[in-house]
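Have a look at the structure below, then the notes.
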Amino acid sequence: MAAKNYQVAEILYMVADYLDLEGEEFKVRAYRRAARSIENLSQSIEDVAKSGKLQEIPGVGEAIAKKIDEFLRTGKMEHLEKLKRKSPVDMESLNAVESLGPKKIKLLYQRLGVRNVEHLSKAAKEAKIRGLPGFGELSESKILQSLGNVSSNKRRFPREEVVPIAEMIRKKLQSMNVVEKVEVVGSYRRKKETVGDLDILVVSSSPSEVMDAFLNIDGIDHTIGEGEKKASLVLDNGLQVDLRVVGAESYGAALIYFTGSKYHNIRLRKIAIKKGYKLNEYGLFKGDEMVAGSTEEEVYRELGLDYIDPENREE
DNA sequence: GAGACGTCGCATTGAC
DNA sequence: GTCCATGCGA
DNA sequence: GTCTC
């Protein structure tokens, strides 16, 4: 895969981040969608551009195609340069800080003049952030914690590296007698070469016991959150693991939903709408009535589709 | 050309 | 303490 | 900004 694809995607993500700060909503999604398409492209973006078929990429229309062309020809994108010049803050670094999104970044700038991570770190250490609307003492310490984590954050893990971990967790949960089903979903189930995190789906009559077991597996660095149906933690090696517990009646729909890909879900959802249904992680509904949900096969069948293997759910 | 663009659980605040 | 609104993340 | 209707 040409390295250019990755660069183009990165640039589009950056444009999205800056637009996000300006309060744009749908353009942001549009740029991120285009970026994701290009990441997943099987051909080199340069070849696609040469044959003038950029607009055939999902999410790429006239405007973005033009910008990609510009970048491939000149190595720059004026649109992004302009956004950067206009922006008072360094979105690239600030947006990478956990728990900070566009709204909070904007507020930190307006109230404290925070433009980059150095300013942020200083403000947090001086306890200036607590007290701002929407921030408390806890938010402040989370920011500091996240700033300390920057290096270990965000890498993707080779599949081989996570298989033993996934299996360990799966076996541990499966051995519990309140657990009916366990599946490792997400890109792991789609058998991608790398995974960003591990997603685990469980059916159980006693979610709280499952949560408890999950939060006590070996090798936990820290937990990110825990609720009745959902928990997230980070292992010593930096891998994030998310757990979700659902009812048996929703198992199939949840499998589909959490296995993804996102594109695949969007496609299914559209097909569902066209047929007068609504599809979500809980099931396939006609009005308020669930017509399918306990198995994947059932949901696909009801949508008029043959079963699609997880590996083939990229689009 | 107009209108939609996913949706929801969780953490945290802040009001009561 | 409970309940709500908001932002974030997925 | 892009896609669908």
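Numbers restart at 1 for each chain; the letters A, B, ... are given by sequence-line order, proteins then strands. Everything numeric here is computed off the predicted structure, so don't read it as measured data.
The P atoms of C/dG9 and B/dA4 are separated by 28 Å, rounded to the nearest whole Å. On the C1' atoms, B/dC10 is 15 Å away from C/dC3, given to the nearest whole Å. Spacing between B/dG3 and C/dA10 at atom P, rounded to whole Å, works out to 34 Å.
Here the P atom of nucleotide C/dG7 and the CG atom of A/Asn95 are 15 Å apart, to the nearest Å. As rounded to whole Å, 10 Å separates atom P of C/dC8 from atom CG of A/Leu108. Computed from coordinates, the A/Ile57 CD1 to D/dC3 P distance equals 10 Å when rounded to whole Å. One can place NZ of A/Lys230 at 16 Å from P of B/dT7, the figure rounded to the nearest angstrom. Between A/Asn280 atom CG and B/dG9 atom C1' there is a gap of 13 Å when expressed in whole angstrom units. D/dC3 atom P lies 18 Å from atom CD1 of A/Ile271, rounded to whole Å. One atom, NZ of A/Lys103, and another, P of B/dA11, lie 20 Å apart when rounded to the nearest Å. Atom CD of A/Gln55 and atom C1' of D/dC3 are 12 Å apart (whole Å).
Residue A/Pro102 has its side chain nearest to C/dC8 when only C/dC8, B/dC10, B/dT12 are considered. Set against B/dT12, D/dC3, C/dA10, the side chain of A/Asp242 has C/dA10 as its closest nucleotide. Listed nucleotides: C/dG7, D/dG1, D/dC3. Nearest to the side chain of A/Phe26: D/dG1. Listed nucleotides D/dC3, D/dG1, C/dC8 differ in distance to A/Arg33; the shortest reach to its side chain belongs to D/dC3. Here D/dT2 is the nucleotide among B/dC10, D/dT2, C/dG7 with the atom lying nearest to any side-chain atom of A/Ile64. Side-chain atoms of A/Pro133 lie closest to B/dG14 of the nucleotides C/dC8, B/dG14, D/dT2. Here the nucleotide nearest the side chain of A/Leu138, chosen from B/dC8, C/dG7, B/dT12, is B/dT12.
A/Glu62 comes within 4.0 angstrom of sugar-phosphate atoms only, judged by non-hydrogen atoms across all strands, and of no base. Counting any heavy atom pair closer than 4.0 Å across all strands shown, A/Leu19 reaches no nucleic acid atom. Looking at heavy-atom distances under 4.0 Å, A/Glu140 makes no contact with the nucleic acid at all. Residue A/Val28 is classed as having no contact, given no heavy-atom separation below 4.0 Å to the nucleic acid. As judged by a 4.0 angstrom heavy-atom cut-off over every strand, A/Ile273 is placed among residues making no nucleic acid contact. Here A/Glu226 lies in heavy-atom contact (under 4.0 Å) with sugar-phosphate atoms only.
Between A/Lys278 and A/Glu137, the residue anchored nearer the 5' end of DNA chain B, judged by the nucleotide with its closest heavy atom, is A/Lys278.
A close approach under 4.0 Å does not occur between any side-chain nitrogen or oxygen of A/Ser232 and OP1 or OP2 of C/dA10. Contact annotation: A/Tyr31 does not reach the phosphate of B/dC5 (side-chain N/O to OP1 or OP2, under 4.0 Å). At least one side-chain nitrogen or oxygen of A/Lys142 sits closer than 4.0 Å to the OP1 or OP2 atom of B/dT12. The phosphate of D/dG1 has OP1 or OP2 within less than 4.0 Å of a side-chain N or O from A/Lys67.
Counting non-hydrogen atoms of neighbouring residues, nucleotides and ligands closer than 6.0 angstrom, the CG atom of A/Asp306 reaches no more than 12 such neighbours. For A/Lys128, the NZ atom counts as loosely surrounded, since its 6.0 Å shell holds 12 or fewer non-hydrogen atoms of other residues, nucleotides or ligands.
Residues A/Arg313 and A/Arg189 are in side-chain contact: their nearest non-hydrogen atoms beyond the backbone lie under 4.5 Å apart. For the pair A/Val48/A/Ile38, no side-chain contact is recorded, criterion being any heavy-atom separation below 4.5 Å from C-beta on.
Both cation-pi conditions hold for A/Arg159 and A/Tyr188: the charged atom is under 6.0 angstrom from the six-membered ring centre and inside a 45 degree cone around its axis.
C/dC4 is unpaired under the Watson-Crick or G-U wobble criterion, no partner having all donor-acceptor distances under 3.5 Å. Nucleotide B/dT13 is matched to nothing when pairs are restricted to Watson-Crick or G-U wobble geometry with both distances under 3.5 angstrom.
Hydrophobic clustering keeps A/Phe285 apart from A/Tyr300 (ILVMFWY residues linked when any side-chain heavy atoms are closer than 4.5 Å, directly or through intermediates).
For the side-chain hydrogen bond (donor to acceptor under 3.5 Å, both in side chains) test with A/Tyr13, the passing option among A/Glu92, A/Arg32, A/Glu39 is A/Glu39; the others fail.
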